[in-house]
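Have a look at the structure below before the remarks.
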There are 2 protein chains.
Amino acid sequence: MFFHFKDRFPKLNTYWDKYLPFQKRVEAPAKTVLLEEGKISQHYIFIEKGCVRTFFNNNGDDKTVQFFFENEGLSSFDSFINNVPSTFTIETIEPSVIYLLPKQHVLRLMDELSHEPDFAQMILQMTARRQMHYINEFVSIIRDTPEQRYQLLLSERPHIVQRVPQHYIASYLGVSKVHLSRIKSKLAKGKPHF
Amino acid sequence: MFFHFKDRFPKLNTYWDKYLPFQKRVEAPAKTVLLEEGKISQHYIFIEKGCVRTFFNNNGDDKTVQFFFENEGLSSFDSFINNVPSTFTIETIEPSVIYLLPKQHVLRLMDELSHEPDFAQMILQMTARRQMHYINEFVSIIRDTPEQRYQLLLSERPHIVQRVPQHYIASYLGVSKVHLSRIKSKLAKGKPHF
DNA sequence: GAGAAACGATAACATATGTTATCAAGTTCA
DNA sequence: TGAACTTGATAACATATGTTATCGTTTCTC
């Protein structure tokens, strides 16, 4: 959440660096659960190597909500901030190197940050962007066909298509894995490459 | 955005009351545009009477993103905070009584608020909730069928179904208006009422 | 009050998508 | 190495959904 924005708000660096030593480094194999649906988030998660998805269970099959990669950080934001059970699970996709910063330190870090005069403005700018991201996800799914959404992934976030197993992508796009396979084969026919 | 939370953060009331006089009261007929897609948001909007939707244009037909009713407030949050063109239009559905608070006053209000010791925590809690709301919209649409989504509307937000024209609801659910009509007639047959 | 526009239902047809089942290739792990 | 699991493709069929067109009713507008 916060540390995505280090570049835009260089002031964060000083604070962030101070808390680096409190992180726990974890080498996690694929399919390691970092936070389980229903539990309360206790860590801020930073990905040094590998990738991670968030998903929730729906009658046995799970639905992927989002993907994260190297140098991205995440938490189950609502669960972390409001101390409520997480509505989704966070799980590694590939074998990954993860840094976990315990909640107490994040809270202390935020407490320090709040003395920065423009902290509130910073928080607002960050959260407005995040909010826009999720609104766009919603907008895309009511506006675009699954085929268009897949092509958007291909053109704008190709690393997802390259590194993430297809059935995770299917549930993220909102279609069955069979249909995603159909979409791929249809696109392959339309655009033969030599 | 903010003033949704007056009840949970009573401190807001003092500040809010102070800025009440700066609002402009507007009586707007149905289909009045309060903010146009592409323009930069200049007001916080509060609905005293009536209802409002946000939507964006997509090849001629528009897609509704959200509905707002009495005693709710809104802005094009990202546009308002980050001074970027709004990605959607805000328009009245019914004849409505609207209060507009110009941006300059909202900024001043936030500036005052930022001296409250727990302002940052308040902002975080609020935005985490909002974020959860939009994630849930996304989750619902990749998890549920349009029929299930319509039934959720019926059971959890019946006022929407009662007051909003059907084709707006259809685009919000992500289906054509013809199909929403089919869903309704199917449900009516399943559940005859005497 | 009359014409125009908005709203909603329905039909008929085409297309998109889900479901289930099967097969093949790769990967993991004991 | 071999069995189990994972991943992905494809076929066949059923269902869901989009598109276009028509009709009747209501609502708006002048």
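Chain letters run A, B, ... following the sequence lines, proteins first, then strands; residues in each count from 1.
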Under 4.0 Å between a Lys/Arg side-chain N and an Asp/Glu carboxylate O for K31(B) and E91(B)?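 No.
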
Could you tell me the separation between the CG atom of L187(A) and the C1' atom of dA9(D), rounded to a whole number of Å?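 For the pair L187(A) CG and dA9(D) C1', the rounded distance is 15 Å.
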
Write down the distance between CD1 (I169(A)) and P (dA9(D)), rounded to a whole number of angstrom.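 To the nearest whole Å, that distance equals 11 Å.
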
Output all residues satisfying salt bridge (charged side-chain N to carboxylate O under 4.0 Å, His left out) with E70(B), sequence neighbours left out; order by chain, then residue number.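 For E70(B) the salt bridge (charged side-chain N to carboxylate O under 4.0 Å, His left out) partners, ignoring immediate neighbours, are K49(B), R163(B).
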
Under a 4.5 Å side-chain heavy-atom rule over Ile, Leu, Val, Met, Phe, Trp and Tyr, are I142(A) and V175(B) clustered together?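 Yes, one cluster joins them.
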
Mind telling me whether Y44(B) and W16(B) have parallel, tilted or perpendicular rings, with 30° and 60° as the class edges?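 The arrangement is perpendicular - the two ring planes meet at more than 60°.
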
Can you list every salt bridge (charged side-chain N to carboxylate O under 4.0 Å, His left out) pair that touches residues 73-89 of chain A, not counting sequence neighbours?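 Every pair satisfying salt bridge (charged side-chain N to carboxylate O under 4.0 Å, His left out) with a residue in residues 73-89 of chain A: D78(A)-R129(B).
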
Please collect all salt bridge (charged side-chain N to carboxylate O under 4.0 Å, His left out) contacts where either partner lies in residues 176-185 of chain A, sequence neighbours excluded, each pair once.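 Not a single pair qualifies under salt bridge (charged side-chain N to carboxylate O under 4.0 Å, His left out).
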
Between L187(B) and Y150(B), is the side chain to side chain contact (heavy atoms under 4.5 Å, CB included) condition met? List the steps. CA-CA 10 Å; L187(B) 292 178; Y150(B) 181 69; 3.6 Å; yes

Residues within residues 156-166 of chain B bordering DNA chain C, heavy-atom distance below 4.0 Å: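 Within residues 156-166 of chain B, the residues near DNA chain C are P165(B), Q166(B).
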
Strictly under 4.0 angstrom, non-hydrogen atoms only: write out the protein contact profile of nucleotides 25-30 of chain C, one letter per nucleotide from the 5' end, B, S or -. ------

Nucleotides 12-21 of chain C: protein proximity per nucleotide (B base, S sugar-phosphate only, - neither; heavy atom, under 4.0 Å): B----BBBB-

Please report how far the helix from dG1(C)-dC30(D) to dA30(C)-dT1(D) bends, comparing the axis fitted to its first five pairs with the axis fitted to its last five, to the nearest 10 degrees.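 Comparing the first five pairs with the last five, the axes sit 60° apart.
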
Below 3.5 Å, can you tabulate the donor-acceptor pairs from side chains in residues 134-141 of chain B to any protein atom, sequence neighbours excluded?
{"residue": "Y134(B)", "atom": "OH", "partner": "Q66(B)", "partner atom": "OE1", "Å": "2.9"}
{"residue": "Y134(B)", "atom": "OH", "partner": "R130(B)", "partner atom": "NH2", "Å": "3.4"}
{"residue": "N136(B)", "atom": "ND2", "partner": "M132(B)", "partner atom": "O", "Å": "3.3"}
{"residue": "E137(B)", "atom": "OE1", "partner": "Y172(B)", "partner atom": "OH", "Å": "3.2"}
{"residue": "E137(B)", "atom": "OE2", "partner": "Y172(B)", "partner atom": "OH", "Å": "2.7"}
{"residue": "S140(B)", "atom": "OG", "partner": "D144(B)", "partner atom": "OD2", "Å": "3.3"}
{"residue": "S140(B)", "atom": "OG", "partner": "R149(B)", "partner atom": "NH1", "Å": "2.9"}

Can you sort out the partners of E48(A) under side-chain hydrogen bond (donor to acceptor under 3.5 Å, both in side chains), two or more places apart, ordered by chain and number?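 Y99(A).
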
For S96(B), side-chain hydrogen bond (donor to acceptor under 3.5 Å, both in side chains) partners two or more places apart: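 Applying side-chain hydrogen bond (donor to acceptor under 3.5 Å, both in side chains) to S96(B) gives none.
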
So, is K184(B) near the phosphate of dG8(C), with a side-chain N or O under 4.0 Å from OP1 or OP2?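 No, K184(B) has no side-chain N/O under 4.0 Å of OP1/OP2 on dG8(C).
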
Do the side-chain N or O atoms of H167(A) get closer than 4.0 angstrom to the phosphate oxygens (OP1, OP2) of dT6(D)?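 So the side chain of H167(A) is outside the cut-off, no N or O lying under 4.0 Å from OP1 or OP2 of dT6(D).
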
Minimum heavy-atom separation for [X] and [Y], please, with both atom names.
X       : Y      : value
T92(B)  : E94(B) : CB-O, 3.5 Å
V164(A) : I93(A) : CG2-CD1, 4.1 Å
F55(A)  : T64(A) : CB-CA, 3.8 Å

N/O to N/O distances under 3.5 Å, protein versus nucleotides 27-30 of chain D:
none

Quick one, F68(B) and I45(B) - any side-chain contact, counting heavy atoms below 4.5 Å?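 No - every pair of side-chain heavy atoms lies 4.5 Å or more apart.
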
Q104(B): partners by side chain to side chain contact (heavy atoms under 4.5 Å, CB included), with sequence neighbours left out: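 Result, side chain to side chain contact (heavy atoms under 4.5 Å, CB included) vs Q104(B): P102(B), R108(B).
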
